[in-house]
Each structure stands twice: as structure tokens, then as C-alpha cells.
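A quick note: this is a predicted structure, and the numbers were derived from the prediction, not measured. Values below: all heavy atoms of this structure, side chains included; hydrogens, waters and symmetry mates excluded.
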Amino acid sequence: MQTPNPNPYQFPPPQTPPQTPLQAPVQTPPQAPSSAPVAKRRSRAAVAGVGALTAVALAAAVTGAVVLFRGDGEDLPAAPADPSKPLIAGWKTVVNPKHGTAFDVPPDWEVLAPTVFSGHVDDVDPDKVLIGHTAPAFYKSRWCSIDGDGDGQVTDVRLANTGTKGAVGAKDAAEVAEKSAPTWVYAAYTQPDKSVVKWDKPKEYTTRTGVKGSYVKARSEGAARPDRCAGDGRAVVFGFENSRGDLVAWDFYGRTGVPGAVNDALVMRIMSTVRLSGEPQDPAAGP
């Protein structure tokens, strides 16, 4: 049992990484809603232009078996001549000018504008944003749709979400990752239950272009399933410094144990493309 650094979210202590690849418990595929009323619990996702947070609803998703990706045989440059160009042929580049960062996602992912904020609010207090990031990329943005509270408004739930956020105030990259990863899992998948959120201790990591930092993997084990879109999820957060020396974080989170969930090898491959991209626009205090 590992003892984590002090964490303001008071999650359970991080779990010692197992000797075999981590894999979320196998879940049965989402079933069609029954005639029973759907519970009102839904982890609301906020997706809006920066400065105009509009709660939308529910969480997004991904899956994975933990396999650290450190190369796939491609002959890649040590540093790209143009950070806005993808490192992996055929992929899309996600640039966040605010933080001076970039990373790549597969071609079937949806890349949103850098000014778009994506995050999650407190189920009890919808005006309180628990965590969020900007310049997001979504995978299967209409993976599951549901009228969570029976008000006639259907919410589209994403299978996976990734982006970058600021982390000014953290003491180092490891703290950024260890605080953020379990928070993503809690905010997106387990509210109000913190007891089912588990995470590993920080690990040092260097991306393909030489960006050094630390990452943490978190997951839920036994999240409530009040509706067919809800269930367990996971998150991976990589903390590092941008060109100005500000601490920032690359974030990934998504559902686990469902057909089509993103596996860990792909998550790590995306993370391996994280790089610096130009001068940050302003202090990276927020998302």
C-alpha cells in the first residue's frame, strides 16, 4: 500500500501498481432503458466557450489495459519543426495556445476550438466546477444518449475526452498529476462516492519530443450505475512545465468496461505526443 502526498480531495490512498496489466472490471454492454424510472443522478459535464460555462450533462468515457507505450517503430524527429503538425502520420493535432502545448489524436477524434472549455460540475451545486480543461478533443461524442432526469432533454454522453489545463499553485508535476487524475474520475463517473476511486503513485515520464514530467493513472471500481450510460471510468494525467515554466497538465478520461472503450496502449500513445507549442498566451492559472 502506497501513501500519497496530501490530497485535498481526500481520496483513498493510491494503490500499488499490479504486476499484470491493469484492466477495468468487465462490464456488460449498456442495455436499453427499462420501464423503471431513471434515477436523477447524473454527473454533469460542462462544455462551453471560455467565460460562459453552460452545464450540459453526464460524463464521457474510455477504457484500457495498462501497457506503457514508449514507441511504435516509427522514425520520429526528436523535436518537430512545426509543433502544429502531427507526429504520427494521419493523426490530428490539438493545439492549446493559452498554455503553449500540443498533442495528437487519431483521425476519428473530434478536435474542438482552443476556446472551448470542457469539464464537470458538482452534482449538488451545478455552479461549482470541479475540474475542466480547454482545447478538448472528443472520441465518440454521441456514444450514449439519455434523458437522465425525465425532463425531455436528451444528453449526449462522450466515450472519451482529452485536453490540457493550467496548474499554477502546484509544487511540482507529480502533485499536478496526483491531484487531477482522481478528481477527473470522481467528477465524471462516481459522484458523490469517493470511496470507489483508486489511483497509482506518480511515475516520471518523458514524451517523444523530450518534455519531462510525471503522470498518474486513476480509475473507479464499482461506480453506481443508475442509468445505462453510467458506470466505471478512468483518467490519466501528465503534469509538466510549458516554455514559460508554468505547470500545466495533459488530461485524458473516459468510460471503461464497455464495447469500443479506448485501451491503455492508445492513451499512452496519445500522451507520448504531448509537446510544447509556442509561447503561452497568458498565465496558466485556470483551465
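The closest donor-acceptor contact from the side chain of S220 to the backbone of V196 lies at 3.5 Å or more, if one exists at all. A side-chain donor-acceptor contact under 3.5 Å links T207 to the backbone of V274. A donor-acceptor contact shorter than 3.5 Å is absent between the side chain of D122 and the backbone of P126. At least one donor-acceptor pair under 3.5 Å links the side chain of T273 to the backbone N or O of I270. Here the side chain of K198 pairs a donor or acceptor atom with the backbone of S195 at under 3.5 angstrom.
Between F238 and the choices F252, Y205, F103, the ring-ring contact (aromatic ring centres under 6.0 Å, His included) rule is met once, by Y205. Checked options K92, R269, R275; the residue passing with D104 is R275 (criterion: side chain to side chain donor-acceptor pair (under 3.5 Å)).
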Note to self: For a side-chain contact (heavy atoms from CB on, under 4.5 Å) check, start with the C-alpha distance between I146 and V154, then their side-chain angles and the critical distance, and finish with the verdict.
What the structure shows: CA-CA 5 Å; I146 192 170; V154 175; 6.0 Å; no

Margin query: Apply side-chain hydrogen bond (donor to acceptor under 3.5 Å, both in side chains) to residues N96 and H133 and explain how you reach the verdict.
Written below: CA-CA 10 Å; N96 192 326; H133 53 210; over 6 Å; no

Item checked: Candidate pair D232 and T256, rule side-chain hydrogen bond (donor to acceptor under 3.5 Å, both in side chains), full reasoning -> CA-CA 6 Å; D232 283 315; T256 57; 5.2 Å; no

Item checked: Derivation of the side-chain hydrogen bond (donor to acceptor under 3.5 Å, both in side chains) call for S141 and E110 -> CA-CA 8 Å; S141 58; E110 178 185 0; 3.3 Å; yes

Notebook entry, point to check: D251 and T162: side-chain hydrogen bond (donor to acceptor under 3.5 Å, both in side chains), yes or no, with the steps?
Noted result: CA-CA 5 Å; D251 311 293; T162 183; over 6 Å; no

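Taking 4.5 Å as the limit, every side-chain heavy atom of E178 sits out of range of all side-chain heavy atoms of S214. Between R244 and L276 there is no side-chain heavy-atom pair separated by less than 4.5 Å. Contact annotation: the side chain of D123 never approaches that of P192 to less than 4.5 Å [non-hydrogen atoms, C-beta and beyond]. Under the 4.5 Å side-chain criterion, counting only non-hydrogen atoms from C-beta, W143 is in contact with V258. At a threshold of 4.5 Å between non-hydrogen side-chain atoms, the residues S277 and T101 do not count as touching. By the 4.5 Å heavy-atom criterion applied to side chains, R234 and D264 are counted as neighbours. Residues H99 and W250 form no side-chain contact, since every pair of their non-hydrogen atoms from C-beta on lies 4.5 Å or further apart. At a threshold of 4.5 Å between non-hydrogen side-chain atoms, the residues R219 and Y253 do not count as touching.
K212 pairs by the side chain to side chain contact (heavy atoms under 4.5 Å, CB included) definition with T206, not counting sequence neighbours.
Here the straight-line distance linking atom CG of L112 with atom OG1 of T134 works out to 11.5 Å at 0.5 Å rounding. To the nearest 0.5 Å, the span separating NZ on K128 from CG on L130 amounts to 6.0 Å. The structure places OG of S272 at 7.5 Å from CG of L87, a figure rounded to the nearest 0.5 Å. Atom-to-atom distance recorded for L266:CG and W109:CH2 is 6.0 Å, nearest 0.5 angstrom. Taken from CZ in F240 to CG in D172, the straight-line distance is 14.5 Å, to the nearest 0.5 Å. Going from atom CZ of R158 over to atom OG of S118 covers 4.5 Å, rounded to the nearest 0.5 Å.
Both tests pass for K194 against the ring of Y186: distance under 6.0 Å to the centre and angle within 45° of the axis.
Follow the hydrophobic side-chain contacts under 4.5 Å out from V95 and you never reach V116; the two are in separate clusters.
T93 and P83 make their closest contact through CG2-O, 3.7 Å (heavy atoms, listed as atom of the first residue, atom of the second, distance).
With salt bridges taken as basic N to acidic carboxylate O contacts below 4.0 Å, one links R142 and D156.
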